[in-house]
**Q** 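Sharing a structure with you now.
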Amino acid sequence: MEKLKVLVVDDESRMRKLVKDFLVKNNFDVLEAGDGEEALNLFYEIKDIALIILDVMMPKMDGWQVCREVRQYSNVPIIMLTAKGDERDELLGFDLGVDEYISKPFSPKILVARVEAILRRTNQMDPDSVLEAGGIAIDKAAHMATIDGQPMELSFKEFELLTYFMENQGIALSREKILNNVWNYDYFGDARTIDTHVKKLRSKMGGKGDYIKTIWGMGYKFEVDPS
């Protein structure tokens, strides 16, 4: 099996080496970039990059700019690294389409675990697993969602969130449970992360956004209205 390619973008060579060493040990093919411009050049040149690990603070072009550019062309999973613990930065990252958010310093083993979890969900899906409800269909193998037969433009995390909702139809899900299942067991996030993604997901679902019902003081429930 061909090794999956991970692009590691950080202006600190020691940080790139640390991350690369752990990923290589876990059988990944690692590409490196020392700034945002180099990262975008590699992204356009190498067509089969499976995931990007992206630092925020870099010369020439920062991580936010790189993320915006990448998201114009691809929903490739992005893990953002930052030395800041500012909640506003985290919410901005998710709004731009970042899939995971890790503050420095971090455990390389945890980073590898998150990389593996994301790639496992995107590359090792059950090929026969298709979910359908109320005009919404999810093909997990193709990582594609449609609404009334029309493709939906979803980020990686929006797709994961909608899949989780549809797999748990009619069940009230707490924000903590959603975080644990969609953002991985070791994610210590804020409830507003969920709310931000639900708001964007609802808007992309149009009138069917009402299927995602708010359970005040708890979380959400996906339920198709009988008609």
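Quick caveat, the model's predicted, so the values are computed rather than measured.
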**Q** Measuring from atom CG of Leu7 to atom CG of Asp29, what distance do you get when rounded to the nearest 0.5 angstrom?
**A** 11.0 Å
**Q** Indicate if Met144 and Leu161 have the same hydrophobic cluster label, given that clusters are the connected sets of ILVMFWY residues with side-chain heavy-atom separations under 4.5 angstrom.
**A** no
**Q** Pick one: which of Ile136, Leu131, Val198 meets side chain to side chain contact (heavy atoms under 4.5 Å, CB included) with Leu162?
**A** Ile136
**Q** CG/Leu31 to CG/Leu42 distance, rounded to the nearest 0.5 angstrom?
**A** 6.0 Å
**Q** Using salt bridge (Lys or Arg N to Asp or Glu O under 4.0 Å) as the criterion, point out the one residue from Arg16, Lys104, Lys20 that pairs with Asp10.
**A** Lys104
**Q** For residues Phe106 and Val112: do they belong to one hydrophobic cluster (side chain heavy atoms under 4.5 Å, members Ile, Leu, Val, Met, Phe, Trp, Tyr)?
**A** yes
**Q** Starting from Met218, can I reach Tyr164 by hopping between I/L/V/M/F/W/Y residues whose side chains sit under 4.5 Å apart?
**A** no
**Q** So, applying side chain to side chain contact (heavy atoms under 4.5 Å, CB included) with Leu173, which one of Phe222, Tyr220, Phe165 is it?
**A** Phe165
**Q** Atom CE in Met80, atom CD1 in Ile52: separation rounded to 0.5 Å?
**A** 10.0 Å
**Q** Examine distances only and state if a side-chain atom of Thr163 and a backbone atom of Phe159 form a donor-acceptor pair shorter than 3.5 Å.
**A** yes
**Q** Does the Ser74 side chain pair with the main chain of Val76, one donor and one acceptor, at a distance under 3.5 Å?
**A** yes
**Q** Could you grab the distance from atom CE of Met152 to atom NZ of Lys208, nearest 0.5 Å is fine?
**A** 10.0 Å
**Q** I'd like to know if the side chain of Asp99 reaches the main chain of Ile78, judged simply by a donor and an acceptor atom lying under 3.5 Å from each other, with no hydrogens or angles considered.
**A** yes
**Q** Under 4.0 Å between a side-chain nitrogen and a carboxylate oxygen: does that hold for Glu100 and Lys157?
**A** yes
**Q** So, do Val6 and Ile49 sit near enough that their side-chain heavy atoms are less than 4.5 Å apart?
**A** no
**Q** Could you tell me which non-hydrogen atom of Arg114 sits nearest to which non-hydrogen atom of Tyr101, and how far apart they are?
**A** NH1-O, 3.5 Å
**Q** Can you check whether Ile53 reaches Val19 side chain to side chain, under 4.5 Å on heavy atoms?
**A** yes
**Q** For residues Pro77 and Ala50, report the shortest heavy-atom separation together with the two atoms involved.
**A** CD-O, 3.3 Å
**Q** Less than 4.5 Å apart, any side-chain heavy atom of Val24 and any of Asp21?
**A** no
**Q** Determine whether Leu4 and Phe28 satisfy the following criterion, side-chain contact (heavy atoms from CB on, under 4.5 Å), listing intermediate values before the conclusion.
**A** CA-CA 5 Å; Leu4 294 173; Phe28 290 104; 4.2 Å; yes
**Q** Can you pull out every salt bridge (Lys or Arg N to Asp or Glu O under 4.0 Å) where at least one residue sits in residues 170-181? Sequence neighbours excluded, please.
**A** Arg175-Asp195
**Q** Would you indicate whether Lys17, at its atom NZ, is surrounded by more than 12 heavy atoms from other residues, nucleotides or ligands within a distance under 6.0 Å?
**A** no
**Q** If I take atom CG from residue Asp62 and atom CG from residue Asp11, how far apart are they, to the nearest 0.5 angstrom?
**A** 11.0 Å
**Q** Using the side-chain contact (heavy atoms from CB on, under 4.5 Å) rule, take Val56 and Leu81 through it: C-alpha gap first, then chi angles, then the decisive distance, then the call.
**A** CA-CA 6 Å; Val56 172; Leu81 304 179; over 6 Å; no
**Q** Testing the basics here: between Val224 and Gly134, what is the closest heavy-atom pair and its distance to 0.1 Å?
**A** CG1-CA, 3.9 Å
**Q** Donor-acceptor pair, Arg202 side chain versus His197 backbone, under 3.5 Å?
**A** no
**Q** Search all heavy atoms of Glu38 against all heavy atoms of Glu32 and return the closest pair with its distance.
**A** OE2-O, 3.7 Å
**Q** Of all the heavy-atom pairs spanning Met166 and Ala133, show the shortest one and how long it is.
**A** CE-N, 3.7 Å
**Q** For salt bridge (Lys or Arg N to Asp or Glu O under 4.0 Å), just list the numbers for Glu158 and Lys204, CA-CA rounded to whole Å, side-chain angles, deciding distance to a tenth of an Å, and then say yes or no.
**A** CA-CA 10 Å; Glu158 288 164 355; Lys204 293 182 179 183; 2.7 Å; yes
**Q** Please report the closest heavy-atom contact between Leu154 and Ala145, naming both atoms and the distance.
**A** CD1-CB, 3.8 Å
**Q** Between Ile178 and Ile215, is there a shared hydrophobic cluster once you connect ILVMFWY residues whose side-chain heavy atoms come closer than 4.5 Å?
**A** no
**Q** Measure the CD-CG distance between Glu132 and Asp139 for me, rounded to the nearest 0.5 Å.
**A** 10.0 Å
**Q** State whether Phe22 and Lys25 meet the cation-pi test: NZ (Lys) or CZ (Arg) under 6.0 Å from the six-membered ring centroid, and within 45° of the perpendicular axis.
**A** yes
